[in-house]
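Accompanying notes for the structure given below.
Sequence lines set the chain letters: A, B, ... in the order given, protein chains first and strands last, and positions in each chain run from 1.
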Protein chains: 2
Amino acid sequence: MPSETAGGLQRIILDTARQLLTDVGYAQLSMRKIAQKIGYSATSIYLYYSNKDELVHALIDEGVDLLYADLHEANRSHADPSLRLRAMCLAYIQFGLNHPEYYEIMYVLHPEYIKRYPAEKYRKARRNLELLASAVEDGIQMEHFEACEATVGANLIWTQLHGVVTLLNSERVDKRIPAETLIHSACKHILRSFLKTPQHKEV
Amino acid sequence: MPSETAGGLQRIILDTARQLLTDVGYAQLSMRKIAQKIGYSATSIYLYYSNKDELVHALIDEGVDLLYADLHEANRSHADPSLRLRAMCLAYIQFGLNHPEYYEIMYVLHPEYIKRYPAEKYRKARRNLELLASAVEDGIQMEHFEACEATVGANLIWTQLHGVVTLLNSERVDKRIPAETLIHSACKHILRSFLKTPQHKEV
DNA sequence: CGATTAAGTTAACACTGTTAAGGTAATAGA
DNA sequence: TCTATTACCTTAACAGTGTTAACTTAATCG
C-alpha cells in the first residue's frame, strides 16, 4: 500500500517528521502520527530509528545546519567585527523566530534529551558558537572590543540571544513592547557591552 | 484509609505535587503519582483542581512568590541603583539554579500552558519585572544610567538572565566555562550596557 | 425518615513510546 | 528447482499519560 517516492522509507519518515514538527509543533509530534501520515505502522519507524530520540536528533541536526548557514552568511556579509557580530545576532534571533519548532528541539528541550545527544553532533553544534567567538576575538585583536576571553564572550552573547528568542517565542514578553524594539535593543546592548568606551559609533 | 493532616485534601495534594516536582522534576510529575503518594485515587485530585494545568498554576504561583521574595530582599539590600540591579540579577540567577523545577514550570514550559495562565496571576508575575524596572528607572533618574525606556531595559535584563539560567540548567553551556564566570560576566555586561561612559567603577 | 449533598471510587477512553512475536515476499545457496 | 535465509513490515500488547462518566457511600438537612 505505501507509496514509494525515492531513497527509501528512512527518508520519507524524516521528511514527514519534519513536516509534522513545523506544522503542529514538537508537542504534537508522535510516532503514530508520523506512521499514519505515511501509511505505515508505527513500529516501522523503529526499523530505521531506534527510538524517538534518534529521530528528533536527526531533526536537530538539520536545524543546526540551517542555523549555521544563516550565521555564516551574516558573518561573511561584513568585514568590521562590530557589524559582523550585529549581523550574526540578528540572524540568530531571526532564525529562532522564523523556526520556533526547530529552535525548541535544538535549545529548549529537556536536559535528558540533550544528554543522549551524540558527542559527534554536539561538536557540530558548537561551530555556531565558534562563529560568534571568532567575531569577538577579531574585535579584540583590532582593539575595537574590550579584552576578554572570547569563548566566555560568545557564550554571554548566546545567553542573551537565547533569552530573547525563547521569551518572545513563548509570548512571555510584555506585548506592549514590540519585538523589534526588544531585538534591536538587545543587539545594541550586546555591542555596547563589548565595545571600548567611548562609544560614538551609531550601529 | 487516607491520612488526614490538616486543612483538607486540597492542601495535601498541593504539598505532594510540590514535593514530587522538586524531587523528580516536572517531566515525571503525574496525577496518578500524586494520587498514589497520598493514598487516594487519581480522580480525587479533580475534585479540587479542575485539571493538571490548574494544579501546576498553583505551583507556578508559589514559585513567583519565592522569586519575588528573593528579588525584594536583594532590592532592599542596597541604595545605589547599580548595586541594587547587580544584587537582583544575582538573586534571579541563583533562584533559577537553586530551583530548576520551579523555574521550568514558571518560565520554560510550553506557550500553550502560559496562555491558559489566569490573567490575575499573570499580573502578579509581572511584579518581578517591575522590581528590575524600578532599579533601571532610578539609575536613569540619578544619571548613572544612559536614558532609555525602563520597561524595555528591564525586559532586556530579563532576557539575559533567563538565557543564563536556562542554558546553565539544561547543561548546554560549555563545561570548560565555570558557571560562576558566566554569571559574573553576565552581571558585569548588563551593568556595562546601562552605565553612562566612562565606567570607572568596579562593580 | 427521606432527600440531598459531599467526597471518593472504579471503569473506561483516547492518547503516548516501545517491545515481542509473527507473517510474507524476495533472495541466495545447493 | 527446492529450501533456507534475510529484509521488511505487521498486529498485539505493555505500561504509562490526562481526563470523563457513572457509581457508591456517608453525612447532613428539612
Side-chain angles (χ1 to χ4, degrees), chain A residues 1-18 20-21 23-60 101 104-105 109-117, chain B residues 1-18 20-21 23-60 101 104-105 109-117:
Chain A
M1 331 289 170
S3 63
E4 287 292 329
T5 46
L9 191 49
Q10 179 155 24
R11 190 45 155 289
I12 299 173
I13 292 170
L14 189 60
D15 290 346
T16 310
R18 184 191 316 110
L20 223 44
L21 175 74
D23 281 0
V24 302
Y26 174 75
Q28 299 295 321
L29 175 67
S30 82
M31 303 300 256
R32 284 182 166 87
K33 279 180 188 164
I34 297 170
Q36 195 202 337
K37 197 149 196 166
I38 61 179
Y40 283 81
S41 74
T43 51
S44 290
I45 302 176
Y46 289 86
L47 300 172
Y48 302 93
Y49 296 95
S50 65
N51 48 40
K52 192 184 178 184
D53 271 20
E54 217 172 75
L55 178 53
V56 173
H57 287 160
L59 292 171
I60 291 178
E101 335 77 15
E104 183 182 0
I105 61 174
L109 237 55
H110 278 76
E112 302 148 30
Y113 255 100
I114 207 70
K115 277 178 191 165
R116 294 188 286 257
Y117 197 60
Chain B
M1 330 285 176
S3 64
E4 288 292 330
T5 47
L9 191 49
Q10 178 154 24
R11 190 44 154 291
I12 299 174
I13 292 171
L14 189 61
D15 289 346
T16 309
R18 184 191 316 111
L20 224 44
L21 174 74
D23 282 359
V24 301
Y26 174 76
Q28 298 295 322
L29 176 67
S30 81
M31 303 299 257
R32 283 181 167 88
K33 280 180 188 162
I34 297 170
Q36 194 202 338
K37 197 149 197 166
I38 60 178
Y40 283 80
S41 73
T43 50
S44 290
I45 302 175
Y46 289 85
L47 299 172
Y48 302 93
Y49 296 95
S50 64
N51 49 39
K52 194 184 179 185
D53 271 21
E54 216 172 75
L55 178 53
V56 173
H57 286 158
L59 292 171
I60 291 178
E101 335 77 17
E104 183 183 0
I105 62 174
L109 239 55
H110 278 73
E112 303 147 29
Y113 254 101
I114 207 68
K115 277 178 189 164
R116 292 189 287 256
Y117 197 62

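- Taking only side-chain nitrogens and oxygens, B/Tyr48 comes nearer than 4.0 Å to OP1 or OP2 of C/dG8.
- Residue-level contact check: B/Tyr49 touches neither bases nor backbone, having no heavy atom under 4.0 Å from any strand.
- In this structure, B/Ser44 does not reach the C/dA7 phosphate: none of its side-chain N or O atoms is under 4.0 Å from OP1 or OP2.
- Note: CG (B/Leu47) to C1' (C/dT5) measures 13 Å, nearest angstrom.
- Atom-to-atom, CD of A/Gln36 to C1' of C/dA14 comes out at 13 Å; the value is rounded to the nearest Å.
- Residue-level contact check: B/Ile34 touches neither bases nor backbone, having no heavy atom under 4.0 Å from any strand.
- For the pair B/Asp53 CG and D/dT17 P, the computed distance is 17 Å after rounding to whole Å.
- Counting only heavy atoms from C-beta on, A/Leu9 has its side chain closest to D/dC9 among D/dC9, C/dT16, C/dG17.
- Here the C1' atom of nucleotide C/dA7 and the CD1 atom of B/Ile13 are 11 Å apart, to the nearest Å.
- The separation between B/Gln28 atom CD and C/dT16 atom C1' is 14 Å, rounded to whole Å.
- Rounded to whole angstrom, the span from the OH atom of A/Tyr46 across to the P atom of D/dT11 amounts to 16 Å.
- A/Leu29 comes within 4.0 angstrom of sugar-phosphate atoms only, judged by non-hydrogen atoms across all strands, and of no base.
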request  = Could you check A/Leu59 against A/Glu101 for side chain to side chain contact (heavy atoms under 4.5 Å, CB included), going step by step and ending with a plain yes or no?
outcome  = CA-CA 10 Å; A/Leu59 292 171; A/Glu101 335 77 15; over 6 Å; no

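- As a whole-Å value, the separation of A/Lys33 NZ from C/dA14 C1' is 11 Å.
- Listed candidates were D/dT11, D/dT19, C/dG17. Nearest to the side chain of A/Thr43 is D/dT11.
- To the nearest angstrom, C1' of C/dC15 lies 12 Å from NZ of A/Lys52.
- Between A/Arg32 and A/Ser41, the residue anchored nearer the 5' end of DNA chain D, judged by the nucleotide with its closest heavy atom, is A/Ser41.
- Separation of atoms CZ (A/Arg18) and CG (A/Leu29) is listed at 12.0 Å; rounding is to 0.5 Å.
- In this structure, B/Ala42 and A/Asn51 both approach DNA chain C, and ranking their closest nucleotides by distance from the 5' end singles out B/Ala42.
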